[in-house]
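Written out below as structure tokens is the structure these notes cover.
The residues of the chain are indexed from 1 along the displayed sequence.
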Amino acid sequence: MDTVKRKAGKRAIRTVVPMLFLLLASCLHAQDRQYKFRLIDASDGLSDGQIRSLTMTEEGCIAIKTGFILNIYNGATFDRFPYDKTRKYIWAYDRPPKEYYDREGRMWLKELGYLLLLDMKSGQYDYSVSEVLASMGINQRLKNLFIDDYKNYWFVTEDNTVSFYDVEQGRLRTIEDGGSEFTRKYGVPVEMTQYKNLCWIVYESGLIRYWDYSSAEFVSQETRFLHVINRLTDRIYLHPDAQGNIWLMYNNGLFFYNRMERTWKEACGISGLSNFFTCMDLDRDGNVWVGTSKSGLRIIDARTFEVTTLPALELTDGGTLENDIYTVFSDRNGGICELHPKSWTLN
């Protein structure tokens with residue numbers, strides 16, 4: 001692993017780079033909390049400031065993807081995993097980055113225009129992605145993939161065929177043919193989430209379908225967001241809470257689905273300088289954190305649905321910061337991490 005810090009060359013340039021902030025907060029209810037953010041940057045061992053995405057590994061560390069390096073942060077030190085950009089798997093994926101972990105101890109990194117596969121045990125990238133896919137019966141180039149909580153694979157190939165690979169049975173099955181009437185009408189999956197034995201799948205058209213793992217079939221569908229969400233909606237997040245209710249965020253709205261009542265409720269609309277939401281996650285208390293393009297954070301109390309707006313980040317050094325928020329997620333200890341651009345000068 002690369003443990004050498006890189007130094008900027010002698011050049012002066014005004015630029016905007018994504019910066020990572022870690023939230024330090026009390027464990028009270030959302031409306032009572034005091035929020036302070038601490039900057040994490042190269043002085044902490046981060047490889048560089050060109051951060052693209054962040055997530056959490058299955059071991060509880062923060063995974064931070066920069067230009068050509070994956071940084072794994074354990075709260076004190078960084079391990080670095082640079083990759084060979086000339087050997088990456090090229091695909092047509094055009095949505096925000098996302099990461100999945102399979103049962104082989106590998107990390108799949110979905111990036112804009114390319115896909116990476118990292119063996120977390122060896123710390124080495126596997127550049128034979130096409131061969132790995134072929135071993136599961138996928139011989140066409142991918143345009144998207146998902147890995148569910150059971151570690152099964154959901155594939156979308158370039159011909160719009162949706163396939164499901166059952167890891168227990170080692171068997172691939174076609175869920176929807178790319179030339180079917182359904183696909184022509186509703187498109188392909190763009191996001192999914194799972195609660196116990198039910199998988200929620202959002203399609204390009206805004207249709208939501210529910211897949212039951214016991215019967216291995218779709219059991220119902222929801223048209224509430226049909227043509228509200230569409231092919232141009234590039235920001236879609238789904239999260240179940242501890243009771244199996246669903247939070248859905250897309251560019252222009254945040255909604256809560258009550259599983260018992262089978263009803264949708266708009267929890268928060270976009271307002272202020274921004275015109276769209278960018279990201280969402282639930283903290284360990286079930287409260288919802290939503291980032292915006294220009295209007296800071298929204299925090300929705302899970303019990304009361306009260307919305308707290310943080311137009312600017314209050315920093316531990318006494319300063320504040322206002323700008324876009326790219327990514328937000330909650331760690332297992334109750335902390336909140338977010339990716340935020342910051343203007344600065346390199347000399």
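D241 places no side-chain N or O within 3.5 Å of a backbone atom of G286 that could act as its donor or acceptor partner. With hydrogens and angles disregarded, no donor-acceptor distance shorter than 3.5 Å links the side chain of Q140 to the backbone of T157. Not a single donor-acceptor pair under 3.5 Å links the side chain of N139 to the backbone N or O of A134. Using a distance-only test at 3.5 Å, with no hydrogens or angles considered, a donor-acceptor pair links the side chain of N251 to the main chain of R235. Of the possible donor and acceptor atoms, none in the side chain of E104 sits under 3.5 Å from a partner among the backbone N and O of R106. R259 contributes a side-chain N or O that, together with a main-chain N or O of Q243, makes up a donor-acceptor pair within less than 3.5 Å. Listed for the T183 side chain is a donor-acceptor partner under 3.5 Å among the backbone atoms of D177. Formation of a donor-acceptor pair under 3.5 Å by the N258 side chain with backbone atoms of T263 is not found in this model.
The aromatic rings of F305 and W247 sit tilted, their planes meeting at an angle between 30° and 60°. Aromatic ring orientation, W200 versus Y257: perpendicular (interplanar angle above 60°, classes split at 30° and 60°). Between F155 and Y153, the ring planes lie parallel to each other; the angle is under 30°, not in the 30° to 60° tilted range.
Looking only at side-chain heavy atoms (C-beta outward), R87 and Y125 stay at 4.5 Å or farther from each other. Looking at K98 and E191, their side chains come closer than 4.5 Å, going by heavy atoms from C-beta outward. You'll find the side chain of T292 stays beyond 4.5 Å of the side chain of I325, heavy atoms only. For the pair V156 and P189, the minimum side-chain heavy-atom distance is below 4.5 Å. Using a 4.5 Å heavy-atom cutoff, the side chains of Y101 and M56 are not in contact. Using a 4.5 Å cut-off on side-chain heavy atoms (C-beta onward), E222 and W264 make contact. A heavy-atom distance below 4.5 Å is not found between the side chains of L116 and V129.
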Inset, instruction - Walk me through it: do E99 and E111 pass the test side-chain contact (heavy atoms from CB on, under 4.5 Å)? - result: CA-CA 9 Å; E99 296 78 25; E111 299 287 341; 4.2 Å; yes
Inset, instruction - Could you go through the side-chain contact (heavy atoms from CB on, under 4.5 Å) check for F276 and D234 one step at a time? - result: CA-CA 11 Å; F276 66 94; D234 64 342; 5.9 Å; no
Inset, instruction - For T223 and L207, run side-chain contact (heavy atoms from CB on, under 4.5 Å): C-alpha distance rounded to whole Å, both residues' side-chain angles, the deciding distance at 0.1 Å, then the answer. - result: CA-CA 5 Å; T223 60; L207 183 74; 3.9 Å; yes
Legend entry - Derivation and outcome, side-chain contact (heavy atoms from CB on, under 4.5 Å), residues V219 and L198: CA-CA 9 Å; V219 293; L198 193 67; 4.1 Å; yes
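Considering CZ of R209 and CZ of F218, their distance stands at 4.0 Å, rounded to 0.5 Å. With values rounded to the nearest 0.5 angstrom, L109 atom CG is found 12.0 Å from Y100 atom OH. Distance CD/E181 to OH/Y186: 9.0 Å, rounded to 0.5 Å. Here CG of L46 is found 7.5 Å from CZ of R80. Values are rounded to the nearest 0.5 Å. Atom NE2 of H239 and atom OG1 of T193 lie 7.0 Å apart (nearest 0.5 Å). Atoms CD1 and CZ, on I69 and F81 in that order, are 11.0 Å from each other to the nearest 0.5 Å.
Of the residues V288, I299, V307, the one that meets the side-chain contact (heavy atoms from CB on, under 4.5 Å) test with C268 is V307. Residue Y114 forms a side chain to side chain donor-acceptor pair (under 3.5 Å) with just one option from W91, Y83, Y89, Y93, and that option is Y83. In summary, of the residues considered (R231, R184, K143), a salt bridge (charged side-chain N to carboxylate O under 4.0 Å, His left out) with E204 occurs for R231 alone.
For Y250 and N230, the side-chain atoms include no donor-acceptor pair closer than 3.5 Å.
The two residues L254 and M280 have their closest heavy-atom pair at CD1-SD, 3.3 Å. When all heavy atoms of T57 and A63 are compared, the closest pair comes out as CG2-CB, 4.0 Å. Taking every heavy atom of both residues into account, R103 and Y150 meet most closely at NH2-O, 4.2 Å. The nearest pair of heavy atoms linking S163 to T161 is OG-CG2, 3.8 Å. In plain terms, the two heavy atoms of R141 and S130 that are nearest each other are NH2-OG, 4.4 Å. Closest of all the heavy-atom pairs between R95 and T233 is NH1-O, 2.7 Å.
F255 and F225 have their aromatic ring centers within a separation under 6.0 angstrom.
One hydrophobic cluster holds both Y237 and I270 under the rule that ILVMFWY side chains link at heavy-atom gaps under 4.5 Å. Residues Y210 and L226 do not share a hydrophobic cluster, defined by chaining ILVMFWY side chains whose heavy atoms lie under 4.5 Å apart. Hydrophobic clustering of Ile, Leu, Val, Met, Phe, Trp and Tyr side chains at less than 4.5 Å, counting indirect connections, unites F164 with Y203. Both I138 and I175 are assigned to one and the same hydrophobic cluster, defined by single-linkage of ILVMFWY side chains at heavy-atom distances under 4.5 Å. Tracing side-chain contacts under 4.5 Å through hydrophobic residues (I, L, V, M, F, W, Y), one reaches F146 starting from L117; they form part of the same cluster.
A 6.0 Å sphere centred on CD of E217 holds more than 12 heavy atoms belonging to other residues, nucleotides or ligands.
Cation-pi contact between K196 and Y213: absent, since separation from the ring centre below 6.0 Å together with deviation from the ring axis within 45° is not met.
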